[in-house]
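Every value quoted in this text rests on a predicted model; they were computed, and no experiment measured them. The residues of the chain are indexed from 1 along the displayed sequence.
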Amino acid sequence: MIFRRLHIATLIVVVVVSAIGCGYREPASRAEGQPRPNAPIDALAEYATGRVVDNLIVGGVVRANDRGGNFYQSIVVEDATGAVEVQVGLYDLDSRFPVGAEVVVDAEGLAVGYYDGVLQLGREPYDYSLSVVEPLGSPVEVDRRMGVATWSEQEPPQPANVVVAELTDDMCGRLVRVVGVEYLGEPTDWGSTDWGTIACREFLSAEGDTLVVATSRYADFATEHIPEGKLNLCGVLYHPHGGHYTLKMRTVADVEE
């Protein structure tokens, strides 16, 4: 009898652990049962530096996630009106929310703020927190608030092609492709840095305009050398630092020679 009880208890533990281990990497809920967005993404700006107190459900296409290691536990979602970086707080987001998938987010009760010109969504920050918003952090919370509205093998939408001089604040948070820039510094890689975790490289356009590319030292492509000559660089745009816009690439595939 004791052996049988132990056997049953062990079986229960194995089943629970297996469910957690298998489900953690599975995509979030599919189209079935997902609510439709009732507001565009730019409606979140009305609640900036505060909490969403209304029934607000937004949705859009995933433009960036943690694939490549340059975005940490967050995804960037974009619709026709704007973009928002959702601080999810989990790993393996490329499996849960792949680039090109349509995602819906129940924003009621969450906090909204701006980080380097990019709208962010997450939990309200703690009194001692230096973050604009805190990550959701819990798989239960993420599954309750977020879901994949569609799931297909369609090609993700293409970003707008722009030159540096055409960049504007309204583009912050969006995926853009900046064409015709060149790195004129000493030969180096994307992510090496003497201090901190982010390396910033300055690129110049033919017109002499500067674009800054920010790369985490933990990115998969951090140690790859920057190619010579004219490049097209794709990534999420952030607010100017020192008067220059900053681009954050997702993978090395965002570099077009």
Side-chain angles (χ1 to χ4, degrees), residues 40-42 44-45 48 60-72 74-85 99-100 114-120 154-193 196 198-217 219-257:
I41 286 177
D42 67 352
L44 291 170
V61 177
V62 177
R63 290 297 212 170
N65 54 32
D66 57 3
R67 182 180 182 184
N70 210 23
F71 287 81
Y72 181 68
S74 70
I75 64 173
V76 176
V77 181
E78 182 179 347
D79 70 2
T81 69
V84 61
E85 184 172 8
V99 168
Y114 281 98
Y115 177 78
D116 286 350
V118 175
L119 202 62
Q120 288 193 341
Q154 63 182 352
E155 289 293 322
Q158 295 301 306
N161 292 330
V162 294
V163 295
V164 177
E166 295 174 330
L167 297 174
T168 65
D169 289 358
D170 291 340
M171 296 180 185
C172 287
R174 291 186 179 275
L175 187 70
V176 297
R177 178 183 288 108
V178 183
V179 299
V181 294
E182 185 174 4
Y183 180 69
L184 299 178
E186 294 295 324
T188 187
D189 54 42
W190 294 97
S192 63
T193 175
I198 302 295
C200 294
R201 308 291 185 226
E202 292 188 356
F203 289 74
L204 288 179
S205 68
E207 297 75 25
D209 298 306
T210 300
L211 173 73
V212 175
V213 175
T215 307
S216 167
R217 66 188 300 179
D220 294 349
F221 56 95
T223 58
E224 297 200 18
H225 287 286
I226 299 174
E228 297 180 0
K230 296 291 183 181
L231 304 172
N232 297 337
L233 302 178
C234 185
V236 176
L237 189 68
Y238 288 79
H239 199 270
H241 282 276
H244 306 309
Y245 283 99
T246 298
L247 195 72
K248 193 173 178 181
M249 300 188 303
R250 302 164 299 175
T251 70
V252 72
D254 282 337
V255 182
E256 302 172 0
E257 299 185 53

Hey, are the side chains of [X] and [Y] touching, using non-hydrogen atoms and a 4.5 Å cut-off?
X	Y	answer
D42	L119	no
Y245	C172	yes
S205	E182	no
Q120	Y114	no
V61	D79	no
R177	E256	yes
L175	V76	no
L211	T246	no

Could you tell me whether the side chain of [X] and the main chain of [Y] form a donor-acceptor pair under 3.5 Å?
X	Y	answer
E166	V163	yes
R201	T215	no
D66	G69	no
N232	G180	yes

Practice prompt. Could you go through the side-chain contact (heavy atoms from CB on, under 4.5 Å) check for V77 and I41 one step at a time?
Written response: CA-CA 9 Å; V77 181; I41 286 177; 4.1 Å; yes
Could you tell me the separation between the [atom1] atom of [X] and the [atom2] atom of [Y], rounded to the nearest 0.5 Å?
X	Y	atom1	atom2	answer
N70	T251	CG	OG1	9.5 Å
T223	R217	OG1	CZ	12.0 Å
F221	R250	CZ	CZ	10.0 Å
L247	M249	CG	CE	7.5 Å
H239	D116	NE2	CG	8.5 Å
L237	L167	CG	CG	5.5 Å

Worksheet entry | Donor-acceptor pair between E85 and S74 side chains, under 3.5 angstrom | yes
Practice prompt. Classify the side-chain pair T188/E186 by whether it contains a donor and acceptor separated by less than 3.5 Å.
Written response: no
Worksheet item: Just wondering, are more than 12 heavy atoms of other shown residues or ligands nearer than 6.0 Å to CZ in R174?
Response: yes
Give the minimum heavy-atom separation between [X] and [Y], together with the two atoms involved.
X	Y	result
F71	N65	CB-O, 3.3 Å
G173	A83	O-CB, 3.1 Å
V176	V162	CB-CG2, 4.4 Å

Fill in: Ring geometry between F203 and W190 (parallel below 30°, tilted from 30 to 60°, perpendicular above 60°)
parallel
Item to complete: Go through the steps for V213 and L233 under the test side-chain contact (heavy atoms from CB on, under 4.5 Å), then give the verdict.
Response: CA-CA 9 Å; V213 175; L233 302 178; 3.7 Å; yes
